Structures are given as structure tokens and as C-alpha cells.
Amino acid sequence: MTDTAPRLVLIDGSSYLYRAFHALPPLSNDDGEPTGALFGVVNMLRATLKENPGYVAFVVDAPGPTFRDDLYPDYKANRPPMPDELRAQVEPMMKIVGALGIPILRVPGVEADDVIGTLAVQAAGDGVDVTISTSDKDFAQLVRPDGSGAGIALINTMTGSRLDSEQAVIDKFGVRPDQIVDYLALMGDTVDNVPGVTKCGPKTAAKWLGEYGSLDGVIEHAGEIKGKIGDNLRQALERLPLNRTLVTIRTDVKLESAPSDLVLRAADTDALRALYTRYGFRQALKELGGGAAANEAQARAEAAGMRNTAAGYAKAAATADDADPALSAVGEYECVTARAQLDAWLERLQAADEFAFDCETDSLDPMRANLVGLSFAVEPGRACYLPLAHDYPGAPQQLDRADVLAALRPVMTDAGKRKLGQHGKYDLHVLRRHGIDVQGYADDTMLESFVYNATATRHDMDSLARRYLGYETVKYSDVAGKGAKAILFSQVALDDATRYAAEDADVTLRLHRVLQPKLAAEPTLEKVYREIEMPLVKVLERIEANGVKVDANELRRQSADLGKRMLAAQQKATELAGRTFNLDSPKQLGALLFDELKLPALVKTPKGQPSTNEEALEAIADQHELPRVILEYRGLAKLRSTYTDKLPEMVNPDTGRVHTSYHQAGAATGRLASSEPNLQNIPIRTDDGRRIRTAFVAPEGRKIVACDYSQIELRIMAHLSGDESLVKAFESGADIHRATAAEVFGKPIDEVSGNERRAAKAINFGLMYGMGAFGLARQLGVARGEAQDYIALYFSRYPGVRDFMERTRQQARDQGYVETVFGRRLYLEHIAARNAGLRAGAERAAINAPMQGTAADIIKRAMVDIDGWLQAHADRALMVLQVHDELVFEVEEDFVQTLIGEVSGRMARAAELRVPLIVDSGIGDNWEEAH
DNA sequence: CCTATTGCGTAC
DNA sequence: GACGTACGCAATAGGG
């Protein structure tokens, strides 16, 4: 229960500010502004936010008197005025806190302590786990056990100490939390000018309270205490009750904010960047980065939005007893080990309109994984886990796997019974390999999330649960450990396995209930999801299952050859350098080239270091022999380490083939991504590289057929822009780069030189990527002014393209997203950023996304169509690869012509554009020949 | 020891 | 700062 409850973190801002001010050296930024305390507080805040609290508040004192001043005019009278250097840091701190998205509480007439106390007690009473982040020990009085209910814990982020139980308080102070007030009253507080019993410190106070139980007990027995300290006590007797009132943190003040209002909002990254830059917080700035941190902020924003539209955390904190639990209650999940239980669940599955399922296995590779268990959810909170192959000492008896699968087969293969999953392609593989070819796979929460907002790079279940349900799932590592110590899921105890696995199905179902309506509210997105992505799941499953035949021996021969040549290059390099060094280490290489040999460092890495990349080495290749040798070595090493050594290792022993994984939610533009191994970046440019493709072969009696779209993205640019000249060029069937060169350089098409065509090609591609004159100049090796002239000339010949690009930028700015021809959306979170670099990057992405994304939509549609046709010919041809604009098939020889006709026709008809879609095909015994 | 980041390079 | 989308290798840096 504790790990399912929402969390509230209350930050005692004032205490941190003072503590950091006194603890840290008096740092300042380049402008001489003091930053020491700020630095400490910012680090503390970042550490706090890393814990992903759903609710948080930064509480500070408001100016003006409080009830304690009324009770005791000298309260805090000893306190010196705030030093100027500290005062100067208060406003910046508030700005940073605000920019981080943390609600700030500053309540007039109420001390921060009392605000925190009131919120803590209120939230804990509502079942929320509360953490008070403070360096003030007085708060120990609020610590309470978290046992079954929600507790209040103290954390001091600066020292890392944590007080989260009664025992922890006793260990630290020698008294229980409920005695802390009495303890403080006895000792007094010099900082707040509250005099206690003279000479009574922590030891004495704890001793007395241990003997007499409470302050009242101590007062009662004051006469019995001997010695000087007894006299001191008796002298202080009169003021002890007042002390107690002063040190008691109030938990009943009237506040306008309820704990559920304290939702962590999205961070304002632009503001943060500006503030961090101003105060020189480099690490914080780095973490802010362009990517991960921004996504996190986005995720937080959405999660916060979620909670606000629900009824606040009170609903999220609902317990198992609630009729409508917004969060699961661990323990309610059923572990199915008896036939009668299974039968009951089969009935539930039969009765449900749609249910969620999930497979547990012993491997992340769906082509190797063994089924260890299955989970199902029929309605939120109602889920089960069916362990099938758990095997550890003392493992309970489980139902027979074959029996269970046989019992489940009817419902799992019933196309009319809608099933849903999270990244279900994995589960489809596993079940297929265990004899169940799932039909009716209707919804996938990963794809719902991806289509709904592809900008969020993570679409895994844990992230989605956090983003859309405000819920922290049980992690795999929680039940199975991680790293080298991780155990197989089959070795996880059944109760742990149940709370993990059943939750997966449960959360999947809950996510679907949240995401489905969101998608339904956007009909074009719904269409992309329903008509492109969902049908593609089974198609990709088949392609992955087919795999591609790879001649491992051929690759091993190539590895040996590359190795010999690498060795030769290495020897030559050692000779030229006059010493040995690691050719694979950019750091060592840089030191050698730029420090020892004093060669000019013409290219810098993003971090400002001298780069040793290809461009940098090419630039100095005329000054020394070594750079050329390094380039030779690099090229060989790349091919060997990434391809010829690795691909043979990826051959599946069961099938003898290589099975890549296609990630349907891989690229924000809608493209697929391929991994393990990535078969979408097999070399083609160089001879050595292209040779690797000869190892992608067809078995005896079959051919490799490759069909690719000709210039699809440029055609889409023609379609989207409607530019007359460009459309005409494509209609005429001309070589598009040659035609562009003819336009730009103003000469007949057959007089265009090779160099002019090359320049035109660079312009065509560059424009699609939003390239500017600077980039084009670098690409072509011409002056920037010349490149600018080319671009200007291009736009004057193709004004429609220029208008299209401006329209696209404007659309991105106006609505925050751009879309493909089929309505797929890409949100651009930095399109309005104040940071010019970020904004320019977003504009380039905005220009590219409609073209790249539309191309992705088109080939996906074609794949679904082709797969539908190919199903009837599965014994004669297989679809084996997709490389963005290309589909590769393995085809029986006498079926090749039929296939090419069907495939190229279906590819060409996958979209109706203003220009024709042309498909080129090639045939060969291997992939290289098929090009 | 394991994970994250950096630098580099492959594809479309 | 300057060309969009990916994945992955080897070295290195950093946290436990």
C-alpha cells in the first residue's frame, strides 16, 4: 500500500536557505551576485524532484507577526536581521522554485512551520505519504509510523539523514516523537530566544522524559530532582508551559490550499535555463539539456493536468474498499493456481467486452522468451496472475501450462473478442511461439500514447502510468532485482510476481480507459491509430518472426579481412605517431594530433573540445599522413565492430535467421526504428560497406527482392507545396536532381554537369532538413555567400516550396504542432522557446516532419495492404525488412514477377498525391544484388 | 561493478 | 549555432 499511495513533499524553504547560507562558502557568480545559499537550495530542490513527488510545496515565512509573537513578545528577538547577501538570494530562489513548477506557500500571519504541520497532518489523514524536507529538528514531533497507513517522514536533503519512524526519532533524540515538544520545551531554543532550563541539554531532557514520561510528569516531580540542575528546573517551571506552546508546531491553522492543490506543475525550462545561466549553475543547466529533462517536464505537466481534472489526490488515494478505486490496491490481485479459479476467470474473460493481457517471460527477446505466466484484467482493479512456470525451491504447485493454454485458446484466438495490451507485439510473439496465434488484438496503450502525443519519447508502461494515471507502478527490479543480481521471472516468488504482473494488466486497462477517450476526441488521430498503427502490429510481428537469412560465414570471412587491414593501419599509425596509442580513443587521438603534433583543431565537439571526427581529420589530411591512416582504420573498425562481428552473433539458434525488432513508437515523426540488430543502417555507400549486404541472402530456390520508393520525400514536398515547377518535374519523370540543377543554373536539362547535379541534390535534401546557407556551404565546400545565392535562386524557381516552408513554420508557431497528409501530429515543444537555438531546431523539425512523417504513413499503409495480400501466399514469399522507403522480400523464384507487380502497385497506390509515386525494384541472390 | 554520457559513424 | 529521424559501438566518467 505504501508504494501505491500518492506522495506529498513539503519543503521548509526558510530552514534550507539559512542552513545553506551558513554551510556553504560565500560563492558568487561572474557578476559578483551572491549565490552560495541559492546553490545549496537549488541542489536540494533538484534532488527532491528526482524522486518524482506528485505533490509538493515550498513553504516560506511571510513577513509580519504571528500568534507566537502575541504570546511572547520576545519571540525570536535574538535573531539578527537577515544578512544582505542572503536577502539578495531570496527573490532569485523564489523565481527558481516557481520555474521548477513547485507551488509556493507564504501565508501571512502563519509561520512556515505551522503551514507545513497543518498540511502534513491533513494529508497523512487522507492516506498520503508525507515527507517534510527540512533541516530543522523541531519537525521530529510530527513523525509518525507509516505502517499500514500513510506516515510523515522527515528528510534533510543536505545531510541525507532521514527520520521515517518512531524508532528513528528515538535513536536520534532518545525520545518518542510525541515527546519532542516537551524535550524542546525543556532545552529551549536560543535561536528563537526561547529560554529553557539552564544547563539542560539533549541528554538531560531525554533522561527526565524517560523517567517521568512527559513534561507534566517532569513538572510534577520537579521537587525530586537534586543538585544545581534541579534548582534550575524549579526556577524555569513557570515558563515551561509557554515554551511548550511556542515549540509546538500547529496542525490546525486555516489554509486556503489543500494538499491536493499542491500538484507539481511543468517546469518552465526556458526560465530555468535563464536563471541557471545567470547564477552559473552548470550541472543543473546540463541536466536541463534539450531532451530528457524537457520531456520529463512535459510528462509532469500532463500528469499534473490529469490529476487536476480528476478529483485531486483524494481520488488517487482511494483504497481497496472504494467502489471506484483510481489506484490499484495491491493484494486484491488474484493468483490463479487452481482449476476452479481458472474457470472463473475464463468466464470473466468471456463476459468482458474487452480485456487486457500481459505475458511474463524469462527474456526480453520475444523470439527466445519462454512463457512464465500470464495476467489478465477485466475491469480496473480486477486482475489476476496465472503462474505457469515458476521454478524455485518451495514454489507452489501451478496449473499445467499446456492445459491453461488450451483452455485460453478459444478466447485468445476469437477475433471478435477485443484484447488490449501494452506493446502487445511482444506478447503476440511469445504466445505465437507457444502455440496461440492471437486474433482480435484491438488496442495497444503504447500506440495510443504514441499517436496521441509522439513528442513524449517514452511510451513504456511505467512512464505512461506516471504521466496519465499519476501512479507509480511496481518495477521489474523491485521483484526481480537488477543488474547482475537480477533473477529470472520464473524464480520470483508468486506473491511478488502477482503484484507485479497483475498490476501490468490492470494498469494497461486503466491506461486504455484514459487514453481511448483522448484519442476519440481527435478524429484524425483516432484514424491514424485505428487504420495505420493497429493493423500494422500483426504485420510487424510477421516480418520480425520471418527474420532474414544471414550468411554468418561470409561475415566472418569479412571480419577476418577487415581485421588484417585494421592491424596494418594500426601499425602504420604507431609508426607515424612514434608511439603506441589507442586508435579507438578520441581523447588519446586528440592529445596526439593537436597537442603533440600541433596540428590545427578546426572542428570542435559540442562540448568545445577539439574534435577528431571525419571532417576534422579530412581538414588536416594534407598536413600529415596520420589523419588519413586514422580515417582508414576508423572505417574498417566501424564495419567490423558494428556489423561483421555483431550480426553473426544475432542469428537465432532456433530459426537460423536474424530477427530485428521494429519499434512502432520509435521515431516521433512516425518512422519505424529497428534494433537488436538495427537493420536500417546497414552500409551501402562504400564498397567495403556494401559488401556486408551480400551476406543478407535468400535460401536455395528463392530470391531477394527489394522495392523502394523513388524520391518519396521530395515527391511529398511537391505534393504539400503544390509548387508548379516541382510537380511538373515529377510528372515528366525527369531525374529530379538534374531538373533542379537545370532550373537553378538556368540551362537545358541535358547540359547539366555532374557537379551541378551534385549541388542541386545537396540543395534538395538540405532544404528538406531545414538546412541554411551555412550548412549548405559546408556540405558543398563553397563560400557561404555562394550557397546563399543557390538557395535564393532555388526559391525563386520554386516559390511554392518557399511558401510551403513559411506556412509550415507559421502553423507550428500558431498551433504548436505540424501534421502529415494523413493527420499524424508532431508537437514541437520548443517552437516558441526564447532560446534561439532551441527554437530554430524546432523550426527545422517542423519543416522536416510532414515529409518524413507522410513517407512513414505511406509505407506503413502499403505494408498493411501488401501483408493482406501476402497472407494467401505465405508459402511463396515473405516480407523480411523495412528500411524507411524500401521493403525487402524473400521470394520463390517463379513467384518473383507476380510479387513485384503486386507489391510495386500496392506501394504506388498507398497514397494519392499530386505527383505519381514511383517504385523501383531489384532482384538478386542477396540484398546487395537486389539494389 | 554497473550505468550514463560522450564522440563518432552508419542508414534514410 | 548552423541538417531532420534513428541505433549502436568503444571509451570514459560517475555513482554505489
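Every chain is numbered from 1, with letters handed out A, B, ... down the list of sequences. What you see below is based on every heavy atom in this structure, not just the backbone, and it leaves out hydrogens, waters and symmetry mates. Small disclaimer: the values here were computed from a predicted structure and weren't measured.
Annotation: A/Lys475, atom NZ; neighbour count of heavy atoms from other residues, nucleotides and ligands within 6.0 Å is above 12.
Closest approach of A/Ser721 to A/Gly800, counting heavy atoms only: CB-O, 3.5 Å. Across A/Glu886 and A/Ala706, no two heavy atoms sit closer than the pair OE2-CB, 3.4 Å.
For the atom pair A/Ile543 CD1 and A/Gln882 CD, the distance stands at 7.0 Å (nearest 0.5 Å).
Of the candidate nucleotides B/dG9, B/dG7, B/dC12, B/dC12 has the atom nearest to the side chain of A/His884. Of the candidates C/dC7, B/dC8, B/dC12, the closest approach to any side-chain atom of A/Arg634 belongs to B/dC8. Picking from C/dA6, B/dC8, B/dA11 the nucleotide with the shortest atom distance to the side chain of A/Ala667 gives C/dA6. When distances run from any side-chain atom of A/Lys638 to the nucleotides B/dA11, C/dC3, C/dG8, the shortest one goes to C/dG8. Between C/dA6, B/dG7, C/dG8, one nucleotide has an atom nearer to the side chain of A/Ser675 than all others, and that is C/dG8. With C/dA6, C/dC3, B/dT10 as the choices, the nucleotide that has an atom nearest any side-chain atom of A/Pro683 turns out to be B/dT10. Here the nucleotide nearest the side chain of A/Asn681, chosen from B/dC12, B/dG9, B/dG7, is B/dG9. For A/Asn582, whose side chain is taken as the heavy atoms from C-beta onward, the closest listed nucleotide among C/dA11, B/dG7, C/dA6 is C/dA11.
Heavy atoms of A/Arg640 sit nowhere under 4.0 angstrom from any nucleic acid atom. Within the nucleic acid shown, A/Gly766 has no heavy atom closer than 4.0 Å to any nucleic acid atom. Within the 4.0 angstrom heavy-atom criterion, no nucleotide atom of any strand lies near A/Gly837. Here A/Glu676 lies in heavy-atom contact (under 4.0 Å) with sugar-phosphate atoms only. Note on A/Lys587: only backbone sugar-phosphate atoms sit closer than 4.0 angstrom, heavy atoms only; bases stay farther off. At a threshold of 4.0 angstrom between heavy atoms, the contacts of A/Ala668 are confined to the sugar-phosphate backbone, with no base atom among them. The residue A/Leu672 sits apart from the nucleic acid: no heavy atom pair falls under 4.0 Å. A/Tyr643 comes within contact range of the sugar-phosphate backbone alone, with a heavy-atom separation under 4.0 Å but no base atom that close. Across all strands shown, A/Gln588 has heavy atoms under 4.0 Å from sugar-phosphate atoms exclusively, and none from any base.
Put simply, A/Thr669 has no side-chain N or O that comes within less than 4.0 Å of OP1 or OP2 on C/dT5. Distances shown here put a side-chain N or O of A/Arg685 below 4.0 Å from the OP1 or OP2 atom of B/dA11. OP1 and OP2 of C/dC3 both lie 4.0 Å or more from every side-chain N or O belonging to A/Asn848. Residue A/Ser641 places no side-chain N or O under 4.0 Å from the OP1 or OP2 atom of C/dG8. Residue A/Ser585 places no side-chain N or O under 4.0 Å from the OP1 or OP2 atom of C/dA10. In this model, the phosphate group of B/dC8 is approached by a side-chain N or O of A/Ser611 to a distance below 4.0 Å at OP1 or OP2.
Nucleotide B/dC12 holds its C1' atom 11 Å from the CD atom of A/Gln711, rounded to whole Å. Remark: P of C/dA6 and CE of A/Met851 are 16 Å apart, rounded to the nearest angstrom. C/dC3 atom P lies 13 Å from atom CZ of A/Arg809, rounded to whole Å. Between the CD atom of A/Gln680 and the P atom of C/dA6 there is a distance of 12 Å, given to the nearest Å. Rounded to whole Å, atom C1' of B/dA11 lies 13 Å from atom CG of A/Leu881. For the pair A/Lys485 NZ and B/dC1 C1', the interatomic distance rounds to 9 Å; values are reported in whole Å. Following rounding to the nearest Å, A/Ile716 (CD1) and C/dG4 (P) show an atom-to-atom distance of 19 Å. In this structure, the CG atom of A/Leu636 is 18 Å from the P atom of C/dC9, given to the nearest Å.
In the interface, the side chain of A/Arg778 is not paired with the base of C/dC3 through any donor and acceptor atom under 3.5 Å apart.
Mapping A/Gly841 and A/Asp584 onto DNA chain C via the closest heavy atom, the residue that lands nearer the 5' end is A/Gly841. Take the nearest nucleotide of DNA chain C for A/Gln852 and for A/Phe774: the residue whose nucleotide is more 5' is A/Phe774.
If you look at A/His719 and A/Phe804, their ring centroids are not closer than 6.0 Å.
Counting only N and O atoms by type, the side chains of A/Ser921 and A/Ser904 include no donor and acceptor under 3.5 Å apart.
A heavy-atom distance below 4.5 Å is found between the side chains of A/Ile620 and A/Phe594.
Across the P atoms, B/dT6 and C/dA2 are found 16 Å apart, a figure rounded to whole Å.
Of the possible polar contacts, none joining the A/Arg691 side chain to the A/Glu928 backbone as a donor-acceptor pair under 3.5 Å is found.
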